[in-house]
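Everything on this sheet refers to the single structure shown next.
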Amino acid sequence: MKRKGIISAVSGLAAGVLVAAVFFADFNKEEKASSAADNKSKAEKVYVPYGEYDDYYMLASGGHSGQLFVYGVPSMRKIRTVPVFTPDPATGYGYDENTKKMLGGYTWGDFHHPAVSETKGDYDGEFLFANDVGNNRVAAVDLSTFHTADIMSLPNMGGPHAGVFVTENTEYIALPTRFARPLGGKYAELDKYKEEYKGVVSMAKFDRDKKKFNLAYQIMLPPWSYDLSDAGKKMSGDWIVMTTYNTEFATTNLEINASQNDRDYIVLINWKKLEGEVAKGNYKEIEGVKMVDPRDYKGAIYAIPVSKSPHGVDVTPDGKRFIAAGKLAPLMTVFSFEKAFEAIEKEDYSDEKFGIPVLPYKKVMEREVDPPGALGPLHTQFDDKGNAYNTMFISSEVVKWKVDTGEVIDRKPSYFSPGHSSAAEGDTVDPDGKWLVALNKIAKDNFLSVGPSHPESMDLFDISGEEMEHIMAAPVDPEPHYAQIVHKDKIKPKKLYEKDEKRKNAVWSKEDAHIERKGNEVHVYGVALRSKFVFDAKSDRPDAVTVNQGDRVFFHMTNIDLDQDITHGFGINDYNLNFEVQPGQTNTLEFVADQAGTFPIYCTNFCSALHQEMSGYLLVKPKE
Ligand code: RUQ
Ligand code: CUA
């Protein structure tokens, strides 16, 4: 700005035109030079030399791809796609017996919010939980193998969008519904919305040893829509906090009809209390689930008014406050748990809504933070210095502000329209304050064009200084809703599946490979190794299997190459089947040999110089 002033002053002189031109050229050069230096310093920040690793894993939701995307931060290099809610031909996920059963016939899912398992409010790096808004499921990914370990369906839900979030010690994995729906998804006219439709929160438990979910209980709520929610920490550890919209009970044209009230509500639920009630047998069994209505128990549920149609609510790392982001109101509202508990203690209610005591807004609210011109706040992240970071969807920026005072410290544009952001360990009790990735909904012209629809975009910011520094943008497939940025030291991936002599269906040597026939079932106990399949050691063609048309065939394959990264694939020509066995893994492919003929089998995963030779035949004898 200053320089421009000088330029116009100079160019104002009659004889100064040339001088101005020269000046201007120099100025450009200087500007370019400085931005090149700038770019160099930015590039150095994200450059990870060969042989070294990124400091962080970014575990990002893959949205309606139903997958988990793994990135390295700060390089922003994509490392892996992990299939969760959808079949994946690249890894044979959903083809082998176990994962096929886990997917239960679903071919898509809508994965919104990953949550890493926590111990004392900090990521412990063992599991990652995911919600499927499309088909009402919750999944656990084992972070020692990056394989989906379990998927559970959630009855009575209308899209568990407002989760996943975990309580401090992963006692529960909580998933509130997005759409109200009659219990059991039964038929009920929309005219009966207020009476027949319910909002439901699922409280799932996960057994880390068995790697299995169970649905501990569900919470029945008024038919509002619930939006992205969070669990308390430390002093607020017994609570979950949720935003609501459509407290208007609109059943059509929600865009207008669900945006009328000036205030919606934040809902506080004491999960500890409800857990106690369930343990005492105080629940109704509905659709096979223990259902509690918190309105039946004093101290279990409260509402607090909040400016209209809030989106996310996030608990501060110290657990003392919760911050609601406005969506339709251009502000963040800071609430105090301490003040809420005080009002609860004194039974200081301003109202009652749908049987829920309402706490007075003015008494629980600490401050409204309203940076001028900042529009569309959606979600809040934190650093290690008491600052909050909000993504502004409409004004396309990240706003940094002090939680204690509401003072706005910095604002930086993002490219464009961020939904969530994720800071390094930024939703734990101990954020790292190092990197923040804005997860943008729109890329516009950020990258080489790929036609009318572009990828989504992620902006990497260095947040270690007072001012945020925009470092780079990276493309990402649709759609990164939220992510967890976890320090690499917390995740301990296995190098191999350990050899286990007692493992069901496993065969550990070429000599032991054999075929068993039971009626019309054919069980092949085979091995895969560089560079062959052995299905039947005793046969003079150990890599061929002959069955009768109509037989049910089981290929139980064990990869006996106990070397990291030597994965073998297993594709059958024309049978539309492919699965894989990772080093030391045993997997079963089950199918009915309904097509007669001769079908080559081959390894689909390049594994050695003789990978091309790693093949065999499936011969299916026609029925008479
Ligand atoms: S909610 S963009 Cu699906 Cu994550 Cu706020
Ligand atoms: Cu085994 Cu390619």
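We count ligands from 1, going down the list as the structure has it; atoms in each ligand are counted the same way.
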Ligand-residue contact atoms, ligand 1 with H113, heavy atoms, under 4.0 Å: 1 (S), 3 (Cu), 4 (Cu)
Salt-bridge criterion met for E397 and R411 (N-O under 4.0 Å): yes
Minimum-distance pair of heavy atoms, taken over all atoms of A231 and V166: CB-O, 3.3 Å
Under 4.0 Å to a heavy atom of H161 - the qualifying atoms of ligand 1, by number: 1 (S), 3 (Cu)
Electrostatic pair K100:E590 at N-O distance under 4.0 angstrom: no
S531 near atom 2 (Cu) of ligand 2: N/O/S under 2.8 Å: no
Basic-acidic side-chain contact under 4.0 Å: K400, D410: no
Angular separation of N605 O and C603 SG about atom 2 (Cu) of ligand 2, given to 10°: 90°
Short side-chain to backbone donor-acceptor contact, S608 and S531, under 3.5 Å: no
Closest H568 atom to atom 1 (Cu) of ligand 2 [N, O or S only]: ND1
Atom 1 (Cu) of ligand 2 reached by M614 (N, O or S, under 2.8 Å): yes
Exceeds 12 heavy-atom contacts within 6.0 angstrom, atom CD of Q260: yes
Numbered atoms of ligand 1 (with element) below 4.0 Å of H420, judged on heavy atoms: 1 (S), 2 (S), 4 (Cu), 5 (Cu)
H161 backbone acceptor or donor facing H113 side chain under 3.5 Å: yes
Of the N, O or S atoms in H611, the one nearest atom 2 (Cu) of ligand 2: ND1
Atoms of ligand 1, numbered as shown, that sit under 4.0 Å from any heavy atom of H112: 3 (Cu)
From H481, H311, K441 - option closest to atom 1 (S) of ligand 1 by heavy atom: H311
